[in-house]
Amino acid sequence: MAGARGEFSSRLGFILAASGSAVGLGNIWGFPTQTANNGGAAFLLVYLVLAFALAYPALMAELVIGRYAKANIVSALQQVSNSKASRFIGTLTGFAGIITASLILAFYGIVAGWMIAFALAPAASLFAAESTTDWLTGFSTERNMIFMLMTTLIISGGVRNGIEKWSSRLMPMLIILLLGLIAYVMSQPGAIEGLKVYLLPDFSRSIDLQLIVAALGQAFFSLSLGVGTMLIYGSYISKQENIASLGRTITLIDIGIAMLAGLLIIPAMYVAQYNGVEIFDAAGNLIAEDTLIFTVLPALFDTMGGAGMVISFAFFVLMIIAALTSSISMLEAPVSYVSEVHGLSRRVSAFLVGAAIVLMSTLIVINFTELFGFVIAVTTRYAQPLLGLMLCLFAGWIWHRNQVLTEIKAGFEQAEHSLFWKIWPLYIRYVCPLAIAAVFAQKVLG
Ligand code: PHE
């Protein structure tokens, strides 16, 4: 089986795939509004510290375990275990990761389906295809299936011909679209006001625990941690690559694109305000979440006349691309398990798991009020940080330290004398588990 295993063709191939996983709706949608509502640059500062001090070490834990084991999260955690008990816990953690990845994909697919609708609806209405427009904006489940089908088809293509090929096509498009949209929005009246809110720190907002909790959750979600996606992508990295530097690059790209997205979303909201659109909620916060994407921004595009239609299309295509390169990594986590452990072909595994996730999405859509927010909260607020904590414990305490070092030294000979090796093991053993546990305790108790 080892010989038949996929591998990224190059360093760049991995970087595009892994940053495709990291850069998603969390960057373009979540990060900018969290920043604006949590004191602008003050939040940014906390976020940067947490991303480098906690999320980067946790990302490294996943990448190193993955490349060592060359396997899905369940088999990988079994391999680094050193006793019956840790093997059992590893198996449980692995399964929890796969289930969490599937549940995240179930809600992510719904949101991405809305993006498809909002990208296509203006064009449909232009051609007066009223029934099509109604279908597109009617929040039905079919578009979710279109998105899931795209995700499944890419994953059934394999590591090089699916994940790497599509990430390499889509990520450059994402960057071009993002930069183009920023340039346009910045030229509009009102944009500078938004830029100030985004970038100038609001010192009246103290850095409280709540802000730290929000920033940590955002960092873990954004780097796709805890659910085995980075672990499985790590398992496709060649032994010749310097894994510490790859992890750093992914972290930098993820943060960089989140910050860039802030330069688009926040100024766009103030342009909308300038054009007469309400951008604050009753509590005086900037409107966030679904109302921002599906009400405020479309209202803004409406005020822009003919250009608005192009901008709207470009914006929702940007969101679809960001979602797709992330969703394929989510699907790869369970698919790699099913194909490696149960011996099914990649194609069959992809379609089986894809169908199961469509079913989950449909259940969520049918019980939308009860399930949608609930699934998001359970997976991203609780499961992801907790699983991240478990992976740190595996890399820091259970797996033999010499084996960890040997794995990092492959492709990074001087690792033993590097700053990375002086700091990272301490982080993974003490700092990350304690910090995540503290944040988690605060969430549960407070
Ligand atoms: N990182 C993705 C985003 O920011 C979300 C994600 C979470 C992807 C978990 C994979 C696994 O949108």
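In this chain, numbering begins with 1 at the start of the sequence shown. When a ligand or atom number is given, it counts from 1 through the structure's own listing order.
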Distance-only donor-acceptor check, side chains [X] and [Y], under 3.5 Å:
| X | Y | result |
| --- | --- | --- |
| Gln403 | Tyr68 | yes |
| Ser224 | Thr229 | no |
| Thr91 | Gln78 | yes |

**Asked** Between OG of Ser167 and CG of Leu12, what distance do you get to the nearest 0.5 Å?
**Response** 10.5 Å
Which of the ligand 1 atoms, numbered from 1, are nearer than 4.0 Å to a heavy atom of [X]:
| X | result |
| --- | --- |
| Met330 | 6 (C), 8 (C), 10 (C), 11 (C) |
| Ser329 | 10 (C) |
| Tyr108 | 2 (C), 3 (C), 12 (O) |
| Gln384 | 7 (C), 9 (C) |
| Asn27 | 4 (O) |
| Ala22 | 1 (N), 2 (C), 3 (C), 4 (O) |

**Complete:** Shortest non-hydrogen pair, Ile163 vs Ala17, comes out as CG2-CB, 3.9 Å
**Request:** Of all the heavy-atom pairs spanning Thr35 and Phe31, show the shortest one and how long it is.
**Result:** OG1-O, 2.7 Å
**Request:** Measure the distance from atom 11 (C) of ligand 1 to every protein heavy atom, then report the residue, atom name and distance (to 0.1 Å) of the closest one.
**Result:** Ser224 CB, 3.5 Å
**Which residue and heavy atom of the protein sit nearest atom 7 (C) of ligand 1, plus the separation** = Phe221 O, 3.6 Å
**Message:** Strictly distance-based, threshold 3.5 Å: is any side-chain N or O of Glu340 a donor or acceptor partner for the main-chain N or O of Asn72?
**Reply:** yes
Can you confirm, on distance only, whether ligand 1 has an N/O atom lying under 3.5 Å from any N/O atom belonging to [X]?
| X | result |
| --- | --- |
| Ser326 | no |
| Val227 | no |
| Leu225 | no |

**Prompt:** Any ion pair linking Glu7 and Arg67 (charged N to carboxylate O, less than 4.0 Å)?
**Reply:** no
